[in-house]
Protein chains: 2
Amino acid sequence: MVDASVLSDAFAEAGYRLTAQRRALAALIARRDGHFTAEDLLVESRRRRLGVGRATIFRSLDVLAELGLIERLDLPSGGHAFVACRAAHHHHLVCSSCGRTTDIAATGLAAILRDVGTRTGYRIDAHRLEVFGLCPACQARPRGG
Amino acid sequence: MVDASVLSDAFAEAGYRLTAQRRALAALIARRDGHFTAEDLLVESRRRRLGVGRATIFRSLDVLAELGLIERLDLPSGGHAFVACRAAHHHHLVCSSCGRTTDIAATGLAAILRDVGTRTGYRIDAHRLEVFGLCPACQARPRGG
DNA sequence: GTTTTTGCAAACCATTTGCAGGGTC
DNA sequence: GACCCTGCAAATGGTTTGCAAAAAC
């Protein structure tokens, strides 16, 4: 969960124009707690008559991902989703039941990767860690969807 | 790189019928070193007149993934690929230039995840770590593709 | 002989693109 | 006023599906 203005400001700061659509999307994304898909945003945009089209949603998500404000997730199901993020680099802990997303630090991962690089001779430049589990609230809940 | 018979045997052991197409696919996958896409297999199947159709390739990849003999990779580009695997659980180190794939142990990751679970209260049930970098051979090579 | 598997081609679904009009700086 | 951005709807590209024929058990 981030502040909508952080998102819209980012467009401006990166030299993109601040349009009504981008503001609307920033607000839409800001109010999301867990992950969301492009389709989710499109549906909500239509329901609330925000007048943001499909193409614009995909294009904006691209930009935000480029700027590091959201991150694309590859769900175990094969689908794609996005999550808002704030920290420079972190990883995502995704609730497999409700989709709530939490940033995690994964202290120690850097050391692991360094070790992997040494052992294999690879020059490591990127990595991705996604963790899935049941959040406390969903554990408390009886079970079921 | 795995043995083709390991793959074809797996079909039989899991109660699937051992067809010529599945044998052919097992061989195709076994000779792959790095990751490969469904399309790669389709192209090679056609070139070598193996008579394995698109649908069968996707269906077989599903089965093999289900059985844990191959794993689906989500490349940074957004595309999907598969890699053959043998260890019970491991992670993949993928060369961003040639696609060669190496299994890595990531010793210590379990501890990190346990820690994450403790700190967040999540019941962690799955995770995925993918590491991308330049393999020794590609580092040695001038550069270019 | 029964049940699973296959191929084909059409269906699908998410994502991308071209282009003309509209909005931002 | 110039250039960026948008919507639309069509194109795209990878993946799935329905069904009748073929193969495995």
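What you see is a predicted model, and the numbers here were worked out from it, not measured in a lab.
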- Message: Strictly below 4.0 Å: does A:Thr19 bring a side-chain N or O up to OP1 or OP2 of D:dT6?
- Response: yes
- Item | Given D:dA23, D:dG7, D:dT16, the nucleotide with the shortest approach to the side chain of A:Gln21 | D:dG7
- For B:Gly51, which contact category applies under a 4.0 Å heavy-atom criterion: base, sugar-phosphate, or nothing? sugar-phosphate
- Message: Looking at every non-hydrogen atom in both residues, tell me the closest pair between A:Cys138 and A:Cys95 and how far apart they are.
- Response: SG-SG, 3.8 Å
- Item | Distance in angstrom units between A:Leu25 CG and D:dC5 P, rounded | 14 Å
- NA contact type, A:Arg22, heavy-atom cut-off 4.0 Å: base, sugar-phosphate, or nothing? sugar-phosphate
- Task: Taking only the side-chain nitrogens and oxygens of A:His80, find out if one of them lies under 4.0 Å from OP1 or OP2 of C:dT15.
- Result: yes
- Message: Can you work out whether B:Leu18 or B:Phe82 has the more 5'-proximal nearest nucleotide on DNA chain D?
- Response: B:Phe82
- Query: When you check the side-chain N and O atoms of B:Asp40 and B:Thr37, is any donor under 3.5 Å from an acceptor?
  - Reply: yes
- Note on the structure: note: B:Arg17, atom CZ; C:dT5, atom P; distance rounded to Å ~ 6 Å
- Quickly work out the A:Ile57 CD1 to D:dG7 C1' distance and round it to whole Å. 12 Å
- Residue A:Ala38, side-chain heavy atoms: nucleotide from C:dT15, C:dT3, C:dT17 that is nearest: C:dT15
- Message: List the residues meeting side chain to side chain contact (heavy atoms under 4.5 Å, CB included) with A:Asp9, not counting sequence neighbours, and say none if there are none.
- Response: A:Ser5, A:Glu13
- Among D:dT15, C:dG7, C:dT4, the one nearest B:Ala55 by side-chain distance: C:dG7
- Message: In whole Å, I'd like the distance from the CD atom of A:Glu13 to the C1' atom of C:dC25.
- Response: 16 Å
- Task: Kindly determine whether A:His127 and A:His91 satisfy side chain to side chain donor-acceptor pair (under 3.5 Å), including the steps that lead there.
- Result: CA-CA 10 Å; A:His127 68 274; A:His91 302 91; 3.0 Å; yes
- Item | Residue pair A:Leu25, A:Leu7: steps toward the side chain to side chain contact (heavy atoms under 4.5 Å, CB included) verdict | CA-CA 9 Å; A:Leu25 279 177; A:Leu7 293 171; over 6 Å; no
- Query: OH of A:Tyr16 versus C1' of D:dT6: gap in Å, rounded?
  - Reply: 16 Å
- Figure out the CG/P separation between A:Leu42 and D:dA9, and round it to whole Å. 13 Å
- First of B:Phe58 and A:Arg46 reached from the 5' end of DNA chain D, by closest nucleotide: A:Arg46
- Given atom CZ of B:Arg54 and atom C1' of C:dA11, what is their separation to the nearest angstrom? 12 Å
- Residues forming a salt bridge (Lys or Arg N to Asp or Glu O under 4.0 Å) with B:Asp62, sequence neighbours excluded: none
- If you measure from the Lys or Arg side-chain nitrogens to the Asp or Glu carboxylate oxygens, is any gap between B:Arg32 and B:Glu44 under 4.0 Å? yes
- Using whole Å, report how far CZ of A:Arg23 lies from C1' of C:dG23. 12 Å
Restricting both atoms to N or O, compile the protein contacts to nucleotides 19-22 of chain D shorter than 3.5 Å, with distance only.
none

- Task: For A:His80 and A:His35, test the side chains for any donor-to-acceptor distance below 3.5 angstrom and give the result as yes or no.
- Result: no
- Query: B:Thr56 side chain: which of C:dT6, C:dC25, D:dT16 is closest?
  - Reply: C:dT6
